Amino acid sequence: METKTAKLLDGKALASQIHQELTTKIQELQTQIARPPGLAVLMVGDNPASAAYVRNKEKACQLVGIASYGQHFPQDTTQAELEAVIHELNQDSRVDGILVQLPLPSHLDAVALLHEIHPDKDADGLHAVNLGRLVRGEPGLRSCTPFGVMRLLQEYNIPLRGKQAVVVGRSILVGKPMALMLLAADATVTIAHSHTQNLGAIAKNADILIAATGIPGMITGDMVKPGAVVVDVGINRITDSQGKSRLVGDVDFDSVAPVADYLTPVPGGVGPMTVAILLQNTVKSYQKSQE
Ligand SMILES: NC(=O)c1ccc[n+]([C@@H]2O[C@H](COP(=O)([O-])OP(=O)(O)OC[C@H]3O[C@@H](n4cnc5c(N)ncnc54)[C@H](OP(=O)(O)O)[C@@H]3O)[C@@H](O)[C@H]2O)c1
């Protein structure tokens, strides 16, 4: 007998489709706006994972025709120095998006820095003004990862209205904006976190289950409702039993795949969508800069 297995939500394929659409859009807009769109990714210190993410983002920019104004600062850079750079970029008419790569070294206050970014150049959608717009249901720049998840669900025609959605994780980066976006799509939303009791029973209620905890493989097949849609936001580097390093999600793929109807792979699911939405936000600000 053939074992049932979930259909994969292919974020890599959809991201590359979005990249193509953006390339065309930028070429069209550039006939009116006499410059390419610009994105400044600011990185502090030498965290290897952050460096890899920054390289990825810059490569994606190059692919679609966005100019990169990224800057890499030494570990001991001060808050005041970074604020001054952000203020300059806020005024720089070549720059449409500014992003501070997180995490920052511990002597820096990330939230205070994010608030120095002009809300119209907030490519990551993490400024209080943009998060407030999300809460109020107003247009604005949306946080890249949860918006990427919404776009992926839409691509596969996953119905959300009236469905039970459970978001595991409540960070400002992922869990909270994710829950608000699902709510705006008329799902009935439960948010779980590290103090949640009976997580298994709550998760098993979900038609749509989003895992964003940073705990490798914590969502197992027994916590998933048969036929559910499971989105794995987690990106965790682990060393396997053979001593090899590899990326895994927050979902235990092998036990969940036979239970769920849809599942995102790691890598190749939510990760590429996050980058695609970052570029999309930059192009949105670029277009708006001329209005
Ligand atoms: N795919 C992408 O593009 C992308 C983008 C961003 C992040 N990520 C990945 O997504 C994951 C989450 O990132 P994050 O920034 O949201 O992490 P985070 O800021 O560390 O937040 C983790 C959340 O998980 C909750 N949590 C921890 N242990 C739990 C448990 N046992 N049961 C239920 N909830 C628990 C925490 O609850 P408390 O609030 O109670 O502490 C917290 O709300 C990480 O693997 C990260 O690498 C991926």
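Predicted model only: the values in this text are computed from it and were never measured. Read the numbers this way: they start at 1 and go in the same order the structure lists the ligands and their atoms. Just so you know, these numbers use all the heavy atoms, side chains as well, and skip hydrogens, waters and symmetry mates.
Listed by number with element, the atoms of ligand 1 under 4.0 angstrom from any heavy atom of Val168 are 33 (C), 34 (N). Shown in contact with Gly271 at under 4.0 Å from a heavy atom are these atoms of ligand 1, numbered in order with element: 1 (N), 3 (O). Against a heavy-atom cut-off of under 4.0 Å, Thr274 is close to the following atoms of ligand 1: 2 (C), 3 (O). Near Gly214, the atoms of ligand 1 lying under 4.0 angstrom from a non-hydrogen atom of the residue are 11 (C), 12 (C), 44 (C), 45 (O). Proximity to Leu173 (heavy-atom distance under 4.0 Å) selects the following atoms of ligand 1: 6 (C), 15 (O). Of all atoms in ligand 1, listed by their number and element, those nearer than 4.0 Å to a heavy atom of Ala212 are 12 (C), 22 (C), 23 (C), 24 (O).
Close N/O approach between Val233 and ligand 1 is found [any backbone or side-chain N/O within under 3.5 Å]. Considering backbone and side-chain atoms alike, His195 places every N or O at 3.5 Å or more from each N or O of ligand 1. Between Leu199 and ligand 1, no N or O atom pair is found at a separation short of 3.5 Å.
Looking only at side-chain heavy atoms (C-beta outward), Leu114 and Asp124 stay at 4.5 Å or farther from each other.
The protein atom (non-hydrogen) at minimum distance from atom 41 (O) of ligand 1 is Ser194 OG, 3.6 Å. Of all protein heavy atoms, the one lying nearest to atom 46 (C) of ligand 1 is Ile235 N, 4.1 Å. The nearest protein atom to atom 24 (O) of ligand 1, hydrogens excluded, is given as Thr213 CA, 3.3 Å; this is a heavy-atom distance. The protein heavy atom nearest to atom 34 (N) of ligand 1 is His193 C, 3.1 Å. In terms of protein heavy-atom proximity, atom 16 (O) of ligand 1 is closest to Ser171 OG, 2.5 Å. Protein heavy atom nearest atom 39 (O) of ligand 1, with residue, atom name and distance: Arg170 NE, 2.7 Å. Ranking the protein heavy atoms by distance from atom 31 (N) of ligand 1 puts Ile215 CD1, 3.7 Å first. Nearest protein neighbour of atom 7 (C) of ligand 1, counting heavy atoms only, is Val174 CG2, 3.9 Å.
A donor-acceptor pair shorter than 3.5 Å can be found between the side chains of Lys57 and Gln101. Side-chain N/O atoms of Glu291 and Gln287 include no donor and acceptor closer than 3.5 Å. A side-chain donor from one of Thr274 and Thr145 sits under 3.5 Å from a side-chain acceptor of the other.
In this structure, Asp10 does not pair ionically with Lys12, as no charged nitrogen and carboxylate oxygen lie closer than 4.0 Å. The existence of a salt bridge linking Arg161 and Asp186 is confirmed by a sub-4.0 Å separation between a basic side-chain nitrogen and an acidic carboxylate oxygen. A salt bridge is defined here as a Lys NZ or Arg NE, NH1 or NH2 lying under 4.0 Å from an Asp or Glu carboxylate O, and Lys288 with Asp120 meets this definition.
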**OP:** Kindly determine whether Tyr69 and Arg94 satisfy side chain to side chain contact (heavy atoms under 4.5 Å, CB included), including the steps that lead there.
**Re:** CA-CA 9 Å; Tyr69 297 102; Arg94 300 167 308 164; 3.5 Å; yes

Original post:
Between Arg151 and Glu155, does a salt bridge (Lys or Arg N to Asp or Glu O under 4.0 Å) hold up when you go through it step by step?
Top reply: CA-CA 6 Å; Arg151 180 68 186 81; Glu155 184 68 13; 3.0 Å; yes

**OP:** Could you check Arg35 against Asp96 for salt bridge (Lys or Arg N to Asp or Glu O under 4.0 Å), going step by step and ending with a plain yes or no?
**Re:** CA-CA 11 Å; Arg35 62 171 180 89; Asp96 303 287; 2.9 Å; yes

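Using a 4.0 Å cut-off between heavy atoms, Met273 makes no contact with ligand 1 at all.
Here the shortest heavy-atom pairing between Thr282 and Gly97 reads CG2-N, 4.3 Å.
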